[in-house]
Amino acid sequence: MQKRNIYILYALALLQGMVFYGPVATLYRQAQGVTIFQITLIESISYLLCILLEVPWGVVADRIGYKKTMVICAWLYFLSKIIFWQASGFGGFLAERVLLSVVVTGLSGVDTSILYLCAGPDHSQRVFGIYNSLGMAGLLTASAVFTFFVGDNYRLAALLTVLSYGAAAILCLGLTEVRPADSHRARREPFVTTLRTTLAVPGLLGFLVAVGLLTETHQTVTVFLNQLQYERCGMGSAAIGGVYIAATLLGLCGVWSARLTGKTGTRGAAVLFCAVPALACALLASTDRALLSVGGIWLLRLSDTLFQPFQVRLQNEQVRTDNRATALSIHAMVLDMVAILTNLSFGALAERDLRLAFGFGVGICAAALALLLRWQRLRTRAMNG
C-alpha cells in the first residue's frame with residue numbers, strides 16, 4: 001500500500017504538471033486585460049489567503065485523514081482550472097486564484113507527508129526528487145504540445161489543462177490512508193501545543209524565511225518576469241515556447257538532488273543554492289541579449305529543481321510533533337508571509353524597470369544565504385547539546 005500511494009502521487013504530479021498554457025502564463029493573462037502589477041497583486045492576495053487558511057487546513061487534514069484531504073483538494077483543483085479557462089479580466093483571474101489558495105493550503109504538507117511516511121526518512125529526498133521531476137515532466141509534455149500544436153490558441157491550452165486535472169482528480173480516489181504510528185494521540189494534541197513545539201525548533205524561522213526568499217525568487221522570475229525579459233530581447237512566441245521546454249527539461253534534474261547534497265554537505269548546499277540564483281538574477285539585470293537571458297533563467301530553474309527536494313526533506317526532519325500536516329502548515333504560513341512581501345516588491349519594481357526587479361532578486365538571495373548559515377550554526381549547537 002505504501003508503494004501504491006507513492007506511485008499514485010507520482011502520477012498525480014505528472015498530470016497536474018500538465019499546464020498547457022505554462023509557456024505563456026503571463027501573456028495569457030495580459031491578453032485578457034490583466035497588467036503585470038495586477039498579476040503580482042493577485043498572487044499576493046492569494047498568499048494572504050493562504051496565511052489565513054494554512055493552519056485550519058492542517059488541523060483538518062490531521063483529523064479527517066490525508067487521503068480525504070487529497071481527494072477534496074484534487075477536485076477543487078479541477079474546478080479552479082475550469083474557472084481559469086473561462087476567466088477574463090482581473091475579477092475572473094482573482095476568483096481562480098482564491099479557489100487555488102484553498103487548494104494549495106489543503107495540499108500543503110499533505111502530499112509530502114504521505115511520501116515521507118511511505119518512503120521513510122532515508123529515502124525521502126530521493127522520492128521527493130522523483131516527485132518534483134515528474135511534475136516537470138508533465139509540464140515538459142504540455143509545453144511541447146503548446147509549442148508544436150496549440151500555438152497562439154490560448155483558450156485551447158487552458159481547456160487541455162482542465163482535462164488533465166480532471167484525470168488527476170479521478171486518479172486521486174485510489175489513494176490509501178496513511179498515518180503516523182501514534183495518530184490517535186496526535187489527533188488529541190491541542191493546536192497550541194503543536195504550534196509551540198513547531199516554533200521551538202532552533203533556527204527554524206530563519207530557515208523558513210530563507211527558503212521563502214529563494215523559492216519566490218525562482219517562482220516570480222521564471223513564471224512571470226522571464227516572459228517580459230524575453231520580449232525585451234525581441235524573442236517571439238515560438239522561441240519563448242522552445243526555451244520554456246528546455247527550461248522544463250532542467251526540472252527533471254531533481255532526481256539528482258540527494259546525490260549532490262550528499263557530496264556538498266548542508267553548508268555547501270546552502271552556499272550553492274543561494275549563489276547560483278543570485279548570479280542568475282545579476283546576469284538578467286545586466287543584459288538584454290537573448291542568449292544570456294535564457295542562460296540566466298536556466299540557472300534559476302536548475303538551482304531550484306535541486307533545492308526543493310533538499311529543503312522539503314529538511315522541513316520534514318524538523319517536525320517534532322505527530323500532527324505533521326499541522327506543523328508543515330505552520331511552516332507554509334511563514335513561507336506565504338515571505339511570498340506576499342517579495343511578490344509585491346517584484347511587481348512594483350518590474351513596473352518601474354525590469355532590471356530593478358532582478359537586482360532585488362540578487363539582494364534577497366544574499367539575505368537567504370546569511371539566514372541559512374545562521375540556521376545551520378544554531379542547529380549544530382542544539383544537536384551537540
Does CZ belonging to Arg232 count more than 12 external heavy atoms closer than 6.0 Å? yes

Determine which pairs satisfy side-chain hydrogen bond (donor to acceptor under 3.5 Å, both in side chains) with at least one residue from residues 68-96, sequence neighbours left out, and list them in order. Tyr21-Lys81

Evaluate the side-chain proximity of Leu205 to Val334: yes if any heavy-atom separation is below 4.5 Å, no if none is. yes

CG on Leu175 to OH on Tyr66, rounded to 0.5 Å: 13.5 Å

Between Leu204 and His331, does a side-chain contact (heavy atoms from CB on, under 4.5 Å) hold up when you go through it step by step? CA-CA 9 Å; Leu204 177 65; His331 292 190; 3.6 Å; yes

Starting from Leu225, can I reach Val34 by hopping between I/L/V/M/F/W/Y residues whose side chains sit under 4.5 Å apart? yes

Where Cys281 and Val362 come nearest, the two heavy atoms and their spacing: CB-CG2, 3.6 Å

Checking Gln125 against Thr261: is there a side-chain donor and acceptor pair closer than 3.5 Å? yes

Do Asn343 and Ser44 have side-chain atoms, one donor and one acceptor, less than 3.5 Å apart? no

After noting the C-alpha distance and the side-chain angles of Leu314 and Trp375, does the key distance pass the side-chain contact (heavy atoms from CB on, under 4.5 Å) rule? CA-CA 12 Å; Leu314 291 176; Trp375 161 77; 3.8 Å; yes

Any side-chain donor paired with an acceptor under 3.5 Å for Ser101 and Ser46? yes

Let me confirm one number: the CG-CD1 distance from Leu107 to Ile72, rounded to the nearest 0.5 Å. 10.5 Å

Separation between CD of Gln227 and CZ of Arg29, rounded to the nearest 0.5 Å: 9.0 Å

When you compare the side chain of Thr35 with that of Gln30, does any pair of heavy atoms fall below 4.5 Å? no

Checking side-chain polar atoms at under 3.5 Å, does Gln311 have a donor or acceptor matched by the opposite partner on Gln315? yes

Distance only, no hydrogens: is a donor on one side chain within 3.5 Å (strictly under) of an acceptor on the other, for Glu317 and Ser124? no

Evaluate the criterion side-chain contact (heavy atoms from CB on, under 4.5 Å) for residue pair Leu160 and Val150; output intermediate values, then yes/no. CA-CA 10 Å; Leu160 292 174; Val150 177; 4.0 Å; yes

State yes or no: do Leu52 and Met333 share one hydrophobic cluster built from I, L, V, M, F, W and Y residues joined by side-chain heavy-atom distances below 4.5 Å, directly or via other members? no

Counting N and O atoms only, with roles assigned by atom type, does the side chain of Thr287 sit under 3.5 Å from a partner on the main chain of Leu283, one being a donor and the other an acceptor? no

Side-chain donor/acceptor of Ser329 to backbone N/O of Val55, under 3.5 Å: no

Determine whether Ile64 and Val103 fall in the same hydrophobic cluster, where Ile, Leu, Val, Met, Phe, Trp and Tyr are linked whenever their side-chain heavy atoms lie under 4.5 Å apart. yes

Side chains of Met235 and Val294: closer than 4.5 Å at any heavy-atom pair? yes

Do you know which two heavy atoms are closest between Leu53 and Pro56, and how far apart they sit? O-CD, 3.3 Å

For the student: nearest non-hydrogen atoms of Val102 and Trp57, plus distance: O-NE1, 3.1 Å

Nearest heavy-atom pair of Ala246 and Trp298: which atoms, and what distance? CB-CZ2, 3.3 Å

Any Gln38 side-chain heavy atom under 4.5 Å of Leu94 side chain: no

Using modelled atom types only, decide if a donor and an acceptor are shared between the side chain of Thr161 and the backbone of Phe20 within a distance under 3.5 Å. yes

Would you find a donor on one side and an acceptor on the other, under 3.5 Å apart, between the side chain of Asn323 and the backbone of Thr326? no

Are a donor atom and an acceptor atom from the side chains of Asp111 and Tyr131 found within less than 3.5 Å of each other? yes

Shortest non-hydrogen contact between Gly174 and Ile8, atoms and distance: O-CD1, 3.2 Å

Parallel, tilted or perpendicular: which fits the ring planes of Phe128 and Tyr116, with parallel below 30° and perpendicular above 60°? parallel

Taken to the nearest 0.5 Å, the spacing of Phe346 CZ from Gln219 CD works out to 11.0 Å

Does Tyr10 reach the side chain of Leu15, with side-chain heavy atoms less than 4.5 Å apart? no

Partners of Tyr154 by ring-ring contact (aromatic ring centres under 6.0 Å, His included), sequence neighbours excluded? Tyr28

Under a 4.5 Å cut-off applied to non-hydrogen side-chain atoms, are Ile297 and Tyr230 in contact? yes

Okay, side chain of Ser303, backbone of Leu299: is any donor-acceptor separation there less than 3.5 Å? no

So Arg374 and Leu369, side-chain contact (heavy atoms from CB on, under 4.5 Å) or not? Walk me through it. CA-CA 9 Å; Arg374 181 177 181 275; Leu369 176 59; over 6 Å; no

Do you reckon Leu341 sits in the same ILVMFWY cluster as Leu41, going by side-chain contacts under 4.5 Å, direct or chained? no

Is it the case that Ser108 and Glu54 place a side-chain donor and acceptor less than 3.5 Å from each other? yes

Examine distances only and state if a side-chain atom of Glu351 and a backbone atom of Phe37 form a donor-acceptor pair shorter than 3.5 Å. yes

According to side chain to side chain donor-acceptor pair (under 3.5 Å), who are the partners of Ser293, at least two apart in sequence or on a separate chain? Gln229

Measure the CG-CG distance between Leu214 and Leu371 for me, rounded to the nearest 0.5 Å. 9.5 Å

4.5 Å side-chain heavy-atom contact, Phe358 and Ser286: no

Tell me whether Arg289 at atom CZ has more than 12 heavy atoms from other residues, nucleotides or ligands lying less than 6.0 Å away. no

Heavy-atom check, side chain of Phe207 versus side chain of Gln376, under 4.5 Å: no

To the nearest 0.5 Å, tell me how far Leu300 CG sits from Thr222 OG1. 7.0 Å

Step by step, work out the side-chain hydrogen bond (donor to acceptor under 3.5 Å, both in side chains) result for Thr215 and Gln308. CA-CA 8 Å; Thr215 300; Gln308 290 304 322; 3.1 Å; yes

Please check if Val201 and Leu199 belong to a single hydrophobic cluster, counting links between Ile, Leu, Val, Met, Phe, Trp and Tyr side chain heavy atoms closer than 4.5 Å. yes

Nearest atoms (heavy-atom pairs only) where Ala325 meets Val110: CB-CG2, 4.4 Å

